[in-house]
Every structure is written in structure tokens, then in C-alpha cells.
2 protein chains.
Amino acid sequence: MRRHTTIKDIAKVAGVSHTTVYRALNDKPRISQSTKEQIISIAQEFNYQPNVLAQSLVSGRTKTLGLVITTIVNPFYPELARGIEATARFLGYSIILCCTNFDISVEKQYIDMLRSRGVDGMIFTSAHIHDPNITRLVEDNFPLVLVNRKISGDPGIEAVDYVVVDNVMGGYLAVEHLIKMGHQRIGVISGPSDSSVAADRLVGVRNAFTEYGLNPTELLVLEGDFLKPSGYEAARKFLSLRNPPSAIFGINDYMAMGALEAILDSGLRVSEDIALMGFNDIEFSSLRTIELSTIGQKKYEMGSIAVHTLIERIEGGDWDKVTQITLEPDLIIRRSCGYHLRGYTVPTRSYSQI
Amino acid sequence: MRRHTTIKDIAKVAGVSHTTVYRALNDKPRISQSTKEQIISIAQEFNYQPNVLAQSLVSGRTKTLGLVITTIVNPFYPELARGIEATARFLGYSIILCCTNFDISVEKQYIDMLRSRGVDGMIFTSAHIHDPNITRLVEDNFPLVLVNRKISGDPGIEAVDYVVVDNVMGGYLAVEHLIKMGHQRIGVISGPSDSSVAADRLVGVRNAFTEYGLNPTELLVLEGDFLKPSGYEAARKFLSLRNPPSAIFGINDYMAMGALEAILDSGLRVSEDIALMGFNDIEFSSLRTIELSTIGQKKYEMGSIAVHTLIERIEGGDWDKVTQITLEPDLIIRRSCGYHLRGYTVPTRSYSQI
DNA sequence: TGGATTTGAGTTAACGTTAACGCAGGGATC
DNA sequence: GATCCCTGCGTTAACGTTAACTCAAATCCA
């Protein structure tokens with residue numbers, strides 16, 4: 001089954017050479033209108049579809065991109081992937097999905113696979129700052145774009161394309177809001193120490209503390225892994241302190257959800273007893289029963305820009321052009337930080353805006 | 001950049017023919033141990049990776065599968081995709097992600113693309129019962145597996161492999177629970193009429209009504225589209241009736257989340273004023289602030305089984321073997337249906353089980 | 001009307017891998 | 001010592017498309 005009809009099959013039927021068929025089907029010159037029409041009608045009859053593999057072998061291009069993420073269960077990624085997938089499709093590219101599960105050897109395995117398959121470029125999302133796999137790709141001048149992460153340390157690595165949100169500003173905005181809501185002792189659930197996202201957001205956190213003249217010892221930091229259970233664990237630890245923080249900032253919403261669970265499990269109320277802040281504005285943060293204050297970023301656009309950037313590098317030919325884009329984060333105020341308790345009404349959004 | 005070293009490059013360096021290199025690198029006989037070792041060491045030095053495109057052109061196999069879903073933002077799909085992606089990787093296959101956005105012409109476009117790329121098989125998830133695109137694939141004997149959907153109507157279509165949860169039973173269990181909680185007037189937020197998932201779940205709903213001797217006119221059904229906003233809209237309509245239902249069954253959790261919003265927006269309390277039931281047990285349904293009763297299904301396993309089934313068909317050679325697997329759903333009781341209000345304690349699960 | 005150009009094809013090779021086949025030399029067999 | 005087979009390679013073609021090159025016939029222009 002399923003042996004596709006080829007250009008040569010059509011050639012045989014039409015009684016011409018395969019090159020003539022090629023010319024007919026690809027609008028090339030040097031063919032008469034009549035044979036062209038005849039060949040096209042035969043091709044339609046046989047429902048001819050060109051074999052992309054063979055095309056790729058000749059052209060050296062596969063019109064395929066690798067999307068390397070940690071795990072699709074972190075709701076941030078599906079929202080990002082939407083923009084990536086839709087834009088890639090629009091531009092005629094396919095996406096191969098690769099989930100590393102935070103395992104750098106799986107990442108290596110995936111990169112080898114993607115290179116073997118001849119993908120034209122790769123999209124990497126947040127993980128380690130120093131990533132030998134990526135360093136290697138950069139050395140080889142392989143087209144790639146980083147989304148929501150930066151890397152550093154290795155020579156030449158500064159010239160890598162990326163699209164990020166301003167995480168420093170995001171961290172700053174988040175904690176500034178907490179401070180304005182009256183919190184001076186803040187527990188931060190951060191990410192792994194080798195994550196650029198976590199590092200940047202923490203810098204913003206510290207900036208806010210400094211700027212508002214607060215005591216740095218009132219800043220508590222625990223490391224999570226960006227997943228919900230680690231948010232739960234960290235919040236549990238914060239709450240079991242003799243002097244627990246009055247606010248918790250989960251460096252992403254997913255961990256903040258875990259923290260939310262922990263807070264409720266401890267018999268406390270969010271916003272009345274303890275403020276909670278997240279980062280990313282995943283869809284569920286806006287639910288009425290959650291109302292998590294957070295830092296919003298344009299995930300769909302981020303994905304879309306990343307794909308445009310990557311394809312520009314692949315097709316554009318301008319080898320030296322470096323595209324590094326930093327988007328602005330938004331402070332999104334919901335009830336979890338007690339804004340409404342202070343007599344203000346939380347700016348509600350209509351459902352259609354969600 | 002990035003012109004891979006080929007078998008011929010290595011042959012030139014080693015001073016042998018490319019066939020000899022091939023034999024060395026693929027553990028073929030008819031080669032001496034010494035030349036073999038020499039060639040392998042050269043290959044390692046040059047970091048040789050075989051060109052999968054060329055291999056595929058010869059073998060007719062790409063070790064690639066297409067995953068066709070409606071939209072990755074419905075949280076059901078990431079949870080399913082996890083199992084698919086992990087299993088595919090384990091078995092040496094790659095996944096091309098295709099989101100149709102419920103548009104059958106986009107689906108067609110994607111199918112053509114996948115066939116052009118020579119994918120070895122496709123995985124389709126829930127959409128229409130009658131899908132000409134799929135009928136066509138079945139006619140062509142193209143390896144495919146349906147996840148969480150059935151199709152019918154067209155000859156030969158009964159022999160398609162699928163993996164589903166028993167949606168009839170799931171619908172039954174959901175409504176049976178509502179009935180046991182004392183609800184006799186139930187609003188169902190269903191899916192599009194051409195969705196097999198929605199149809200089956202509705203059958204289960206009706207079965208439960210009949211079996212418990214309830215009046216069918218007390219069963220209200222509105223059509224949603226499986227997405228959250230449509231759940232909101234439908235619930236709004238239910239609540240604005242002169243005689244609103246005392247329970248709402250969202251045929252998937254995502255729409256139930258929308259219904260939850262609508263209920264709260266109407267100033268009502270879930271479980272005290274109106275019961276709410278979902279289907280799928282997406283991760284967020286278990287959050288303490290949501291506690292949505294729902295029908296659970298093993299999504300990861302479903303994805304994993306689907307991939308195994310598909311690859312068995314591709315590689316197994318047993319062309320006539322039809323694999324149709326129906327998994328059992330679980331009733332998951334949480335607070336949204338008022339179980340706890342009746343003096344029972346809701347069976348809580350420890351955090352690690354979530 | 002004869003030479004130059006254009007038109008409408010066909011032939012051939014290339015992309016990188018796989019695989020069928022060929023072939024010389026050497027050891028075993030009778 | 002002739003036959004046979006095995007070992008260790010090389011040669012060649014194939015997968016389906018693209019593209020450079022060739023070439024005869026038709027057309028054009030002076």
C-alpha cells in the first residue's frame with residue numbers, strides 16, 4: 001500500500017520524460033502549454049504529491065523545525081507552543097516536538113536526532129544557563145533561537161538569537177506590588193540555580209527590595225523546579241518557619257499553584273492571611289476561584305516572533321544579523337495579593353478578554 | 001556550515017569504498033576487524049551521524065508519526081501528548097505536532113503535508129464522527145490510530161485501530177453520581193453533535209436517566225465546543241432559565257471550568273447551590289479551590305497504548321489485525337457535587353498521588 | 001534564404017544511504 | 001591439483017526530485 005505515485009509514474013503515463021513532468025508541475029519554462037495541461041490533469045487524477053524527502057535530499061532543506069522543551073505539562077508551554085505551531089504552519093514549516101524532562105542527556109539525544117533528520121533549525125526553551133549541547137550547536141553555526149532563556153559564559157554565545165520577556169523587570173514588578181500591598185517579609189520560590197529565567201527574576205526581586213530600602217534578610221528564597229509539587233514543598237517549608245513570610249512569590253504560576261495548595265492545606269486563606277504572587281499568567285490563574293496576581297507575558301507572540309526570527313535566519317542569508325528581542329511584562333493584579341482588601345476594587349476583566 | 005560528514009567523506013579519508021564504510025558502521029559481515037575498527041575511529045573523529053533523509057528515501061520509512069489534535073490549549077491534550085511523545089521517543093520515533101483548530105480544511109492540509117513527508121503513521125484525536133479526510137486515509141490503508149474518538153458510517157471504517165475510554169460508561173457514572181446526590185434536573189454541556197465523544201457520553205447520561213426512572217424532560221442539553229468559553233456561555237443559559245437545573249455536567253473539564261466561572265459570576269456557590277461535574281480529570285480539577293468531581297481516564301497510558309498500537313501496525317506486518325481498546329473510566333468524587341455536604345467525607349488523596 | 005536564436009523536449013548526474021552483485025585470492029575438500 | 005566456498009572488498013544501481021547540459025526542430029531576423 002501507500003507507494004505514492006511519483007513523477008516518473010506520471011511520465012510513463014504521459015509518455016514524456018520525468019523532467020518534462022517536473023517542468024509541468026513546477027511552472028518551469030521550456031514546456032508547451034498543451035503538454036503542461038495534459039500532465040497536470042494526469043497528476044491530479046493520480047493525486048500526485050511530491051515526495052518531500054527526496055526534495056529535501058536535493059535541496060538540503062527540510063522545512064522542519066525542532067521544538068525542544070522540558071515538559072509539555074507545564075501549562076506555560078502549550079500556550080507558547082500554540083504560537084510556534086501556528087506560525088510555523090503559516091510559513092510552511094513543520095514542528096517536531098521534543099520533551100527533555102529536564103534531562104540533559106535526553107536533550108543531547110534529541111539534538112542528535114534532529115540533526116540527523118536535517119531539521120533547518122531548533123527552538124530551545126528555558127533550561128540551563130550553561131548548556132554544552134547548545135554551545136556545540138552555536139559552534140557549528142546551527143540556526144537556533146532561544147525562547148524565554150538566555151545562555152552565557154561561552155565565547156560566541158552572546159550572538160545567539162533569543163526572544164524573552166524582561167524577567168528582571170517582571171521580578172521587580174511582582175515584588176514591588178507585594179511591597180506596596182504592605183509585605184516586607186517575602187518568600188520566593190525560585191527555580192534551579194542554573195536557570196537564567198530564575199536568576200533574572202531573582203535579580204528583579206532583589207532590585208525591588210533594595211530600591212524600597214527593605215532588609216535583605218527578610219527575603220527568603222527556596223529553589224523549586226518550575227513544577228507544581230516543588231511549589232507545594234517550598235510553601236510548606238515557608239509556612240513552617242517560626243517567622244513565616246507574609247507573602248509568597250512563586251517564580252512561575254505553576255509553582256504558585258502548588259503553593260496555593262500548601263497554603264490552603266495549612267488552613268490559611270490566600271490574600272487574607274498570606275499574599276500569593278505568580279509569574280506567566282497561565283490560563284488557569286485567572287479563574288475566579290484562584291485569581292492569582294501574576295506577571296503577564298505575551299506567550300503566543302513570543303512563540304510567533306521566535307519562529308519568524310529563526311526562519312529569517314534560515315532563509316534570510318544574513319548570517320551576521322543577531323536578533324535579540326526583549327518583551328515587556330505586565331503586572332496583572334488579581335485578588336491573591338489582597339488588593340481588594342485595601343478598599344480598592346480589583347480591575348476585573350470581562351470574560352471575553354481572558 | 002553544517003554540511004554533515006557523509007559515508008563517502010569517511011571513505012575518502014580511510015581510502016576504501018563507501019560500501020565498506022557502510023559495512024563497518026552497520027555491523028555488516030564481509031569486512032575485516034582491522035578495517036572496521038579503523039573506519040569506526042575515523043567516523044567518531046568526524047562525529048559522523050547518518051543522514052536519516054537518505055535512509056528514509058531508500059527504506060521508505062521515516063520513523064516519524066504525525067499527531068493531529070484540535071488545539072493544544074485544551075489541557076487534555078498536553079497530558080495525552082506526554083504519553084505519546086515519551087513512548088514514541090522510547091521506540092525511536094519522532095512526533096510532528098499538528099493543531100487543526102477544529103478546521104477540517106487545516107486538517108486536510110496537515111494530512112497532505114504529513115503524507116508528503118512520508119510519516120509512517122498518524123494519530124488522530126477527537127473531532128468529527130464523519131471525517132472525509134480520515135475515510136480517505138483508511139481507504140488508502142494508511143496506518144493510523146484514533147485516540148479518544150471513534151468514527152463510523154463509511155464502509156471499512158469499523159476496522160480502524162483505536163484507543164478510547166468507555167465514554168458511555170463515563171457519562172453514566174457521572175450522572176449516576178449526580179442522581180445519587182439528589183439531583184433530578186441536570187443540565188449537560190455537551191460537545192458538537194458530530195463528535196463521537198460527546199455522543200457517547202450523552203448516551204451514558206440518558207442511560208442513567210432511564211435506569212433511575214427519571215423524567216427525560218428534566219435533562220437539559222446544550223452544545224459546547226469543548227473549550228472553556230463555551231462552557232461559560234452554556235452555564236449562563238442554564239442559570240437564566242426560569243427553572244434552572246440543580247446540577248451541571250460539563251462533558252469535559254475544560255468546559256466545566258467555564259461553567260464554574262459562570263456559576264460564581266451569578267453569585268451562586270458550587271456544590272451548595274448547584275452541583276458541577278466534569279470529565280477527563282485534567283490536572284487543575286484537583287486544585288483545592290476547584291475540587292471538581294469528574295470522570296478520570298488514564299491519559300498518559302492512552303497515549304502510550306496508541307503509539308504502541310500504531311507502531312505495531314507499521315512494523316508488525318500483520319495487516320489484518322485490528323486493535324480496538326476501551327479503557328475503563330473512574331468516577332472521581334470531589335467536593336463540587338456536594339458529597340461532603342451529605343455528611344460523607346470526600347476521599348482525599350495525598351498530594352503525591354495527584 | 002541562411003544563420004542565429006528560441007522552444008520543447010530528452011539525457012544524465014547529483015543528494016546520501018542501502019543493497020544486489022561481481023570478483024580476486026586463499027583455505028578447505030576430495 | 002582441480003573444485004568449491006568463504007572472506008574482503010569494490011562496482012553499480014536504486015530511492016524520487018532537482019538541475020545542468022544537450023539537441024533537434026521551429027522561428028526569427030536581416
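Just so you know, these numbers use all the heavy atoms, side chains as well, and skip hydrogens, waters and symmetry mates. Proteins get letters first, then strands, A, B, ... in listed order; numbering begins at 1 in each.
- Atom pair B/Lys28:NZ and D/dC9:C1' shows a separation of 16 Å (rounding to whole Å applied).
- Using a cutoff of 4.0 Å between basic side-chain nitrogens and carboxylate oxygens, A/Asp131 and A/Lys108 are not scored as salt-bridged.
- Of all heavy-atom pairs between B/Tyr48 and B/Thr5, the closest is CD1-O, 3.2 Å.
- Here A/Arg115 pairs with A/Asp140 in a salt bridge; the nearest charged N to carboxylate O distance falls below 4.0 Å.
- For the residue pair A/Thr62 / A/Ser56, no side-chain donor-acceptor distance below 3.5 Å is found, with atom types taken as modelled.
- Side-chain polar atoms of B/Thr64 and A/Arg117 form a donor-acceptor pair below 3.5 angstrom.
- With values rounded to the nearest 0.5 angstrom, B/Ile123 atom CD1 is found 11.0 Å from B/Ile69 atom CD1.
- Here the C1' atom of nucleotide D/dC6 and the CD1 atom of B/Ile31 are 16 Å apart, to the nearest Å.
- Between A/Lys299 and A/Arg82 there is no side-chain heavy-atom pair separated by less than 4.5 Å.
- A 4.0 Å heavy-atom criterion places the boundary nucleotides of DNA chain C facing chain A at C/dT7 to C/dG16, written 5' to 3'.
- Taking the charged nitrogens against the carboxylate oxygens, B/Arg136 and B/Asp112 have no contact shorter than 4.0 Å, which rules out a salt bridge.
- Using a 4.0 Å cut-off on heavy atoms, the residues of residues 14-23 of chain A that approach DNA chain C are A/Val16, A/Ser17, A/His18, A/Thr19, A/Thr20, A/Arg23, listed by number.
- Among the heavy atoms of the strands lying under 4.0 Å from A/Pro50 are primed sugar atoms or P, OP1, OP2 only; no base atom is included.
- Across the interface with DNA chain D, nearest-nucleotide mapping of A/Arg30 and A/Leu57 shows A/Leu57 to be the residue nearer the 5′ end.
- Among the atoms of the strands shown, only primed sugar atoms or phosphate atoms (P, OP1, OP2) are found under 4.0 Å from some heavy atom of A/Thr35.
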